[in-house]
Student: 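Encoded as structure tokens, here's the structure I'll be asking about.
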Amino acid sequence: MDLTEGALSTIMNGGNVEAPIMQILGSKKISGAGDNERYRLLISDGVHVNSFAMLATQLNDRIRNGDLSDNTIVRVKRHITSSVPNSGKGQKRVMIILDVEVVAPGSEVGGRIGNPVSWSADASAAPAAPAPVAAPTAAPAASSRPASANSCALSSSNSPPAKAPPSRPSPQKPFSANAGNRGGYGGGYGNNIRSPNKGMGGMELSPNASTHPIASLTPYQNKWVIKARVTGKTNIRHWSNSKGEGSLFSFDLVDESGEIRATAFRDQCEKFHPMIEVGKVYLITKAQLKTANKKFSSLNNDYEMSLTGETQIIPVHEDDSGVPQIKFNFSSLNDIENMEPNASVDVIGVVKSVGEVVTFVAKTSNRELKKRDVTIVDRTNTAVNLTLWGQDAEEFDGSCQPVVAVKGGKVNEFQGSKTVSLPGNATFQINPDIPESHELKGWYDDEGSTATFKSISQRTGGGGGGFGSDNDLITIKDARDQGLGSGGKPDYFSVKGTLIMIKSENAIYQACPGENCNKKVIDQQNGMFRCEKCGRDYPNYKPRLLLSCSVGDWSDNAWVSIFQEVAEVILGKSPEELDELKQSSADAYQQVFQAAQFKSFTFRMRTQMSVYNDEQRMKMNVVSAKKIDHKAYCGSLLTELKEVLGMGTVSK
DNA sequence: CCCCCCCC
């Protein structure tokens, strides 16, 4: 197995080598424990051995699990170099390994390859002709929220002008804006903490500052500068609790090495909120690093930063080409169906329909909220609702069916259907100038606009083209065969079914009159009715409907429970009316049930295993009963046929 | 120092 001889020298001189093959000769833990571990690698290209190589912390597990044991030959898929001060002897370049692939495990290799000698800057000649520059620059950043001035044209017409040149200068020096900088910043790398430079306190952050990779930041070093792009930003939020009150906003930063969240409180909040713009690049120094609470961030970093009175931030107006653009990690819309609630997701789709802005008061917080549902579709013939909130909802313009790309959306589940909601730190772009967007638009113009879609989101009003109500339409037999409901959690599905039988006895029960209770009360036979749930007696009860029905389709039938709201729709009577009828005329009462018999609906079912009298049984409740949308039903049959037959898109 | 992220 050949190593890429000479690669280390090139890299350490600032040149670039695409995915060199190297050998790991040793590794050493150099700082911290647990979350703060960092490893130094001894890495060889067969000619030289470099002891100033570091492993990005996200790869620590690869050391711990023995994947990168001594003598392992690896392909270094991604790396960067960083200039750090060298104990008063100027700068030293450090190689940071961001991604590796094992070519041959150490146990198989058995020993070191070649006779590599220690690399040193002095000994090395000028770099060999640098290899071609890697990684062409990504598409220019499109603007993010607010999604103002939507354009129907597929372009980044609402984007800040892209200043990035088409390719980077060579040799590449990603993390050194100016290699010969005047010292000052930088410092502590790993556990290599130096005495503080005197007189640095009041120094202004220079646009030429030597910068550090985000992945190298830890709380144990306070002298660093990062050059990073803002990928998302929240609005200013005010908080008030027992510990005090204040305002804050946060923003997410990315560079070639990693990502990190920054939060600004109170004074810093006011100071920095206006200048921080999504998509732009900044130099940042003197913020406080602290351990990130993983519960509240999905960013790949063990730390986050808080801005302090000392913090300096300056925008980088030019040459931000070395800093990656906002990266999406798109999931297909059909994949969202199987995602866990609260999962973070990036999605892209064509706006198929746009709902109205809906205002309501949240029960828990009493806050007035505004939301808007937007339905997007993609090549997988799947439709998903995006839920926009607040200003995003108000300003969204989905006319002329733009492409929307969402970063940091949140998967929501409601009654078994999935939607993607945009929390405060999520961003979206309208018609972003990225390949996925163009591809999608092309597909939509060609065939998507006339295709039939399966919605994995419950239809919640707004426009929409004949889909949504028959999502995950299956048969009762399918539901049984798939074991729905037996997974320890409720499952939802829809069935086109017919009411075979409706039991008229016990259709009305005496429910607790307490607000939002509805528990069955016990007649105390003294004019009072006891609710065990509320733990009190009431002088009255309210009649409620609870129907036991047999619902059948062509495949099978099932006994299901139908509660008040749905029962009212099916019977066309309120419980009070029915209760009265029951007292006055048994015939008229029965007539109501007979009239409903053999009616067909699209039933939304909720099924779950439950224990009753020590006996396990599958419970099935009807969540909704909707008038069958025959057009949509035929559409879903067509989609199914198409899948079965492996056909292309079926036109309506 | 927040950590709410909403509704049917």
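Letters A, B, ... mirror the listed sequences (proteins, then strands); counts begin at 1.
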Student: Quick one: label A:Lys290 by what it contacts on the DNA or RNA (base, sugar-phosphate, nothing), any heavy atom closer than 4.0 Å.
Tutor: base
Student: Starting from the 5' end of DNA chain B, give me the residue, A:Arg367 or A:Val361, whose nearest nucleotide shows up first.
Tutor: A:Arg367
Student: Using only modelled atom types and a 3.5 angstrom limit, is any donor from either the side chain of A:Lys371 or the base of B:dC7 paired with an acceptor on the other?
Tutor: yes
Student: Look at all strands and tell whether A:Lys295 reaches a base, only sugar-phosphate, or nothing, counting heavy atoms closer than 4.0 Å.
Tutor: nothing
Student: Between A:Ser600 and A:Thr498, do the side chains contain an N or O donor and an N or O acceptor separated by less than 3.5 Å?
Tutor: yes
Student: Look at A:Lys454 together with A:Glu337 and state whether they make a salt bridge at an N to O cut-off of under 4.0 Å.
Tutor: yes
Student: Go through the N and O atoms of the side chain of A:Glu304 and the base of B:dC2, and report whether any donor-acceptor pair is under 3.5 Å.
Tutor: yes
Student: Hey, is the side chain of A:Asn412 poking within less than 4.0 Å of OP1 or OP2 on B:dC6, counting only N and O atoms?
Tutor: yes
Student: Looking at A:Tyr633, is A:Lys496 sitting on its ring face, NZ or CZ under 6.0 Å from the six-membered ring centre and within 45 degrees of the normal?
Tutor: yes
Student: Record whether the side chain of A:Arg266 comes under 3.5 Å of the base of B:dC1 through a donor-acceptor pair of N or O atoms.
Tutor: yes
Student: Given B:dC5, is OP1 or OP2 found less than 4.0 Å from the side-chain N or O atoms of A:Trp389?
Tutor: no
Student: Give the nucleotide from the list B:dC3, B:dC6, B:dC2 with an atom nearest to the side chain of A:Leu369.
Tutor: B:dC6
Student: Please examine the side chains of A:Asp252 and A:Glu259, heavy atoms only from C-beta on, and report whether any two atoms are closer than 4.5 Å.
Tutor: no
